[in-house]
Number of protein chains: 2
Amino acid sequence: MALHPAADWASLAAVQTTTRPESPSMSRPQTRIQQKNSETILQAALEVFSTYGFRGATLDQIAEVAGLSKPNLIYYFPSKEAMHQALLTRLLDTWLDPLRDLDPDGDPVAEILRYVRRKIELSRDYPRESRLFANEILQGAPRMQAAIAGDLKTLVDAKSAVLLSWMDEGRIARLPPQHLIFSIWALTQHYADFDTQVRAVLGDGHDPFAEAGDYLDTLFRKLLAP
Amino acid sequence: MALHPAADWASLAAVQTTTRPESPSMSRPQTRIQQKNSETILQAALEVFSTYGFRGATLDQIAEVAGLSKPNLIYYFPSKEAMHQALLTRLLDTWLDPLRDLDPDGDPVAEILRYVRRKIELSRDYPRESRLFANEILQGAPRMQAAIAGDLKTLVDAKSAVLLSWMDEGRIARLPPQHLIFSIWALTQHYADFDTQVRAVLGDGHDPFAEAGDYLDTLFRKLLAP
DNA sequence: GCGTTTCCTGACCATGTGGTCAAATTCCAA
DNA sequence: TTGGAATTTGACCACATGGTCAGGAAACGC
């Protein structure tokens with residue numbers, strides 16, 4: 001008799017700004033149908049949210065893309081809000097993983113270039129996720145404030161310390177570490193978020209992401225050279 | 001007896017994807033009241049559109065921000081669409097001006113750094129405009145396709161040629177010129193579009209735009225050095 | 001096969017939304 | 001001061017939207 005079987009409420013706490021009092025922590029089993037349909041719904045929701053933002057997206061549209069009825073969506077997720085939350089939660093991990101992997105014991109330039117490369121690959125392979133994130137931040141991060149000021153800031157602070165130590169050792173140029181990280185985000189996500197513009201300006205016969213990979217490799221090599 | 005007195009239809013043609021057949025090109029006079037109110041409305045619309053995107057914005061919200069009644073909005077602009085168009089049209093000029101000013105006869109590095117500085121200032125002083133633009137492109141530029149593939153591409157092509165000639169003369173490093181331009185856009189607009197994130201990560205006691213100005217100056221100096 | 005749980009949907013509802021309209025009010029030149 | 005034009009708005013409309021609900025259809029354990 002469990003309502004909204006697929007919604008993994010426990011995992012939402014991470015992103016939620018206001019804490020829910022209850023969280024029934026219901027029957028976890030997840031049947032195969034549940035697995036499949038909630039995934040279908042999330043993919044459709046990602047498609048629509050990433051294009052129109054939270055307010056601009058409609059359940060009817062998501063239902064159409066998912067090929068399911070509107071009440072069926074609500075069977076799996078209690079609300080539009082919940083779909084959005086589920087997407088954001090999942091997104092944040094994917095997004096931060098590459099930065100987490102920055103190895104303090106590795107070669108500084110190689111580590112940073114590897115991070116840049118992985119971020120470009122994320123932009124190429126998951127542009128909708130990138131746009132979903134961009135939409136959320138553009139709107140002032142109303143549903144991610146906590147995660148940004150919390151997990152994300154903590155991680156950036158930690159990695160900034162690593163960068164600073166590399167700079168102190170003279171292994172890379174001395175630069176404001178946070179802004180260095182911002183520039184990696186800006187440059188890589190630009191190719192996903194502004195894809196339309198990039199392609200229109202480049203015209204035909206270009207592979208934006210391949211070119212971006214080379215260009216950014218050069219850029220950061222020159223920037224980081226002590 | 002002119003309806004929608006403030007809407008400057010002639011100027012909209014530039015951005016419009018589908019060409020309007022008529023365009024009455026009505027009485028241009030523009031009374032002081034018209035001037036004031038249409039400006040108030042556009043400011044309010046900018047505020048709301050830039051935050052929620054076109055579909056996420058509502059006339060009621062815009063009316064509330066403008067301090068005017070909803071029918072009064074429609075008295076000045078025939079539709080929500082028209083407000084959006086008016087904003088985009090105005091925006092594009094402001095946005096491209098600094099790039100237009102890139103002087104082929106000036107000192108290459110100085111010219112590019114000046115462009116970067118002006119773009120950062122735009123981000124600092126007109127963040128809403130930047131976000132409006134970002135929102136539009138994120139959604140696939142449904143209302144700016146023509147302008148992007150037209151005016152903007154033309155301008156970028158022209159300036160790319162200038163950059164290439166500078167590279168040929170060995171005055172700046174050889175780089176793909178379009179991507180060089182993209183990186184200027186990405187890095188400068190990031191500070192307006194992702195302001196929330198930037199501030200959350202930096203924490204208190206920072207002046208994001210001032211720091212960005214210095215950082216980007218360094219970045220492009222190193223990047224452009226032959 | 002059968003009872004129970006899971007899954008699905010047509011019909012519906014309250015509210016929000018873009019936009020209209022007739023009438024009221026304000027502005028301004030003669 | 002007054003008459004016509006410009007400006008403003010309350011009331012309204014058709015439609016879209018998020019979400020509900022009662023009941024039907026599959027799926028599953030036995």
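Letters A, B, ... mirror the listed sequences (proteins, then strands); counts begin at 1. Side chains included, hydrogens not; waters and symmetry mates left out as well; all remaining heavy atoms used.
- Residue whose closest nucleotide on DNA chain C sits further toward the 5' end, between A:Leu68 and B:Asp60: A:Leu68.
- Here NE2 of A:His190 is found 9.0 Å from CD1 of B:Ile137. Values are rounded to the nearest 0.5 Å.
- Taking only distance into account, the side chain of A:Lys70 meets the base of D:dG18 through a donor-acceptor pair shorter than 3.5 Å.
- Remark: B:Arg118 engages B:Asp101 in a salt bridge, criterion side-chain N to carboxylate O under 4.0 Å.
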DNA chain D base-pair string [pairs: Watson-Crick or G-U under 3.5 Å; |: paired with another strand]: ||||||||||||||||||||||||||||||
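- Where A:Thr58 and A:Pro71 each meet DNA chain D at their nearest nucleotide, the meeting point lying more 5' is that of A:Thr58.
- Rounded to whole angstrom, the span from the CD atom of B:Glu64 across to the P atom of C:dG18 amounts to 14 Å.
- At the heavy-atom level, B:Ala57 lies under 4.0 Å from the strands shown only through sugar-phosphate atoms.
- Among the nucleotides D:dT17, D:dT8, C:dG19, the one closest to the side chain of B:Ser79 is C:dG19.
- For the residue pair A:Glu39/A:Gln43, the side-chain donor-acceptor check at 3.5 Å is satisfied.
- Contact between the side-chain N/O atoms of A:Tyr75 and the OP1/OP2 oxygens of C:dC7 is found at a separation under 4.0 Å.
- Here C:dG18 presents its C1' atom at 7 Å from CD1 of B:Ile74, a figure rounded to the nearest Å.
- Geometrically, A:Arg55 engages B:Tyr52 in a cation-pi contact, judged by NZ or CZ lying under 6.0 Å from the ring centre and within 45° of the ring axis.
- Of the candidate nucleotides D:dT17, D:dT8, C:dC8, C:dC8 has the atom nearest to the side chain of A:Asn37.
- Between B:Leu59 atom CG and C:dG19 atom C1' the separation is 8 Å, expressed in whole Å.
- A straight line from NE2 of B:His84 to P of C:dG19 spans 13 Å, rounded to a whole angstrom.
- If you take CD of A:Gln61 and C1' of D:dG19, they are 17 Å apart, rounded to a whole angstrom.
- D:dT8 atom P lies 11 Å from atom CG of B:Leu73, rounded to whole Å.
- Taking only side-chain nitrogens and oxygens, B:Tyr76 comes nearer than 4.0 Å to OP1 or OP2 of D:dT8.
- Going from atom CD1 of A:Ile33 over to atom P of D:dG29 covers 11 Å, rounded to whole Å.
- The shortest heavy-atom contact between A:His84 and A:Arg143 is ND1-CD, 3.2 Å.
- No more than 12 heavy atoms of other residues, nucleotides or ligands lie within 6.0 Å of CD in A:Glu64, so this atom counts as exposed by the packing criterion.
- For A:Gln34 and C:dC8, the CD to P distance is 9 Å, given to the nearest whole Å.
- Counting heavy-atom neighbours within 6.0 Å of B:Tyr126 OH, excluding the residue itself, gives a total of 12 or less.
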